[in-house]
Amino acid sequence: MLLNGKTIFITGATSGFGLACAKLCMGQGARVIASGRRKERLAELKGNNPLIYAIQLDVRDNASVKKAVASLPTEFSKVDVLINNAGLALGTESYESKPLEDIEQMVDTNIKGLLYCTQAILPGMVERNSGHIVNIGSTAGNYPYPGGNVYGGTKAFVKQFSLNLRADLLGKNIRVTNIEPGMAETEFSLVRFHGDAAKANPVYQGIDALSADDVADAILWCITRPMHVNVNRMEIMPTQQAFSPFAVSRKK
């Protein structure tokens with residue numbers, strides 16, 4: 001098994017990429033610290049599996065993040081891989097119409113939550129001179145689209161933070177990877193449209209979109225490369241997604 005003896009901390013492990021990563025990594029022999037806000041889903045994931053330590057956690061709460069990491073059981077306390085997966089998009093309004101509460105939730109989760117978890121776990125990696133941080137970015141951090149304003153901005157932050165973290169950690173034997181998926185059929189759009197399935201479902205109609213398993217498989221590949229290999233960024237799109245010409249507003 002590829003991950004025997006490894007301990008992997010995954011945020012947002014109750015659905016989508018995080019859940020797929022938890023299952024895949026366990027299948028490869030890893031101990032998994034699964035964190036998320038939905039207690040019942042964590043309990044379902046945990047079951048009686050000794051390879052899983054489940055934590056109900058909101059990554060936006062720095063004090064809770066610190067407490068959770070500090071109180072890990074001994075057998076789970078040395079984290080080899082942190083997968084900063086928790087994140088979301090809310091709405092597709094133009095920025096002037098976007099509710100402030102949606103703006104703050106995206107910034108607090110996608111940026112601050114990632115920073116809090118990284119700051120809590122990274123010192124242990126530095127002390128052991130070993131580790132891998134995997135951040136979940138997005139193609140939205142590379143290419144703008146109407147309505148993507150705040151979400152795209154947060155994912156651009158994730159990309160640049162990942163690259164700068166690599167610079168900080170040079171010589172410390174710690175790897176940093178930013179995974180940048182395109183269209184993926186998970187609960188992403190359902191969350192984006194505040195649970196409105198009538199708006200969310202058409203997003204993926206007629207498209208063989210990426211699955212959560214596709215992204216988890218890419219992450220597994222990155223974290224199982226030889227230690228001298230660092231995948232800085234991996235951008236993944238479904239074959240049916242590509243690029244468009246620049247938009248132009250012509251004078252009439």
Side-chain angles (χ1 to χ4, degrees), residues 10-21 36-38 58-61 83-118 133-165 177-205 207 209-212 214-216 218-219 233-238 240-244 246-247:
I10 305 172
T11 67
T14 56
S15 66
F17 304 153
L19 180 59
C21 282
R37 291 186 295 166
R38 289 175 279 193
D58 186 340
V59 298
R60 297 174 296 176
D61 184 339
I83 301 177
N84 278 313
N85 167 70
L88 76 168
L90 292 172
T92 56
E93 307 92 344
S94 182
Y95 184 72
E96 74 276 8
S97 304
K98 189 168 289 294
L100 180 59
E101 57 268 29
D102 286 359
I103 293 170
E104 291 180 334
Q105 188 174 350
M106 284 186 280
V107 170
D108 289 345
T109 306
N110 300 358
I111 295 178
K112 290 183 179 180
L114 179 146
L115 294 177
Y116 295 157
C117 292
T118 301
I133 294 172
V134 178
N135 295 324
I136 305 300
S138 171
T139 53
N142 304 326
Y143 314 109
Y145 60 87
N149 40 69
V150 175
Y151 176 69
T154 64
K155 292 305 184 178
F157 172 88
V158 172
K159 175 175 70 174
Q160 198 61 28
F161 174 71
S162 300
L163 294 173
N164 278 277
L165 195 58
T177 298
N178 188 34
I179 302 292
E180 303 168 359
M183 295 182 72
E185 190 167 1
T186 63
E187 293 180 12
F188 178 85
S189 285
L190 190 64
V191 172
R192 174 168 235 165
F193 292 110
H194 299 278
D196 187 340
K199 290 183 178 179
N201 292 338
V203 172
Y204 306 108
Q205 286 180 356
I207 299 172
L210 299 176
S211 69
D214 292 330
V215 176
I219 292 170
R233 296 172 55 205
M234 180 184 284
E235 183 180 285
I236 318 165
M237 286 182 173
Q240 287 178 269
Q241 184 182 22
F243 315 98
S244 296
F246 283 115

Task: Nearest-0.5 Å distance, CD1 of residue Ile83 to CD1 of residue Ile219 - done: 5.0 Å

Task: Arg233 and Asn142, any side-chain heavy atoms less than 4.5 Å apart - done: yes

Open item on the list: Within the 3.5 Å criterion, strictly below it, is a donor on Ser94 or Asn149 matched to an acceptor on the partner's side chain?
Closed with: no

Open item on the list: Which residue is it: Thr139, Leu210, Asp214? I am looking for the one with a side chain to side chain contact (heavy atoms under 4.5 Å, CB included) to Pro181.
Closed with: Leu210

Task: Asn85 versus Thr11, side-chain donor and acceptor atoms under 3.5 Å - done: no

Open item on the list: If the threshold is 4.0 Å, N to carboxylate O, is there a salt bridge linking Glu180 and Lys159?
Closed with: no

TODO: Locate the shortest heavy-atom distance separating Leu88 from Tyr151; write the atom from each residue and the value.
DONE: O-CD1, 3.4 Å

TODO: Answer whether the closest heavy-atom distance between the side chains of Ile136 and Asn84 falls below 4.5 Å.
DONE: no

Open item on the list: Counting only heavy atoms not in Tyr143 (residues, nucleotides, ligands), do more than 12 fall under 6.0 Å from its OH?
Closed with: yes

Open item on the list: For a quick test of reading the model, state the closest non-hydrogen atom pair linking Asn110 to Leu114 and the distance between them.
Closed with: O-CB, 3.7 Å

Open item on the list: Is there a side-chain contact between Gln240 and Met183 in this structure, where contact means two heavy atoms from C-beta onward sitting under 4.5 Å apart?
Closed with: no

Task: Qualifying residue for side chain to side chain contact (heavy atoms under 4.5 Å, CB included) with Phe161, from Asn164, Leu163, Leu165, Val158 - done: Leu165

Task: Side-chain donor-acceptor pair present, Asn178, Asn135, cut-off under 3.5 Å - done: no

TODO: Please report the closest heavy-atom contact between Ala218 and Met234, naming both atoms and the distance.
DONE: CB-SD, 3.6 Å

Task: Evaluation steps, salt bridge (charged side-chain N to carboxylate O under 4.0 Å, His left out), between Glu187 and Arg38 - done: CA-CA 14 Å; Glu187 293 180 12; Arg38 289 175 279 193; 3.5 Å; yes

TODO: Please report the shortest heavy-atom distance between Lys98 and Thr92, naming the atom on each side.
DONE: NZ-N, 4.2 Å

Task: Sub-4.5 Å side-chain heavy-atom contact between Phe17 and Ile179 - done: no

Task: Validation row: His194, Leu90 side chains within 4.5 angstrom (heavy atoms) - done: yes

Task: Sidechain N-carboxylate O distance under 4.0 Å for Lys112, Asp108 - done: yes

TODO: Test Phe188 against Tyr204 for side chain to side chain contact (heavy atoms under 4.5 Å, CB included), laying out the working first.
DONE: CA-CA 11 Å; Phe188 178 85; Tyr204 306 108; 4.1 Å; yes

Task: Taking every non-hydrogen atom, the tightest pair across Pro238 and Ala209 - done: CB-CA, 4.0 Å

- [ ] Look at Glu93 together with Arg192 and state whether they make a salt bridge at an N to O cut-off of under 4.0 Å.
- [x] no

Task: Over all atoms of both residues, closest heavy-atom pair of Val59 and Tyr116 - done: O-CD1, 3.2 Å

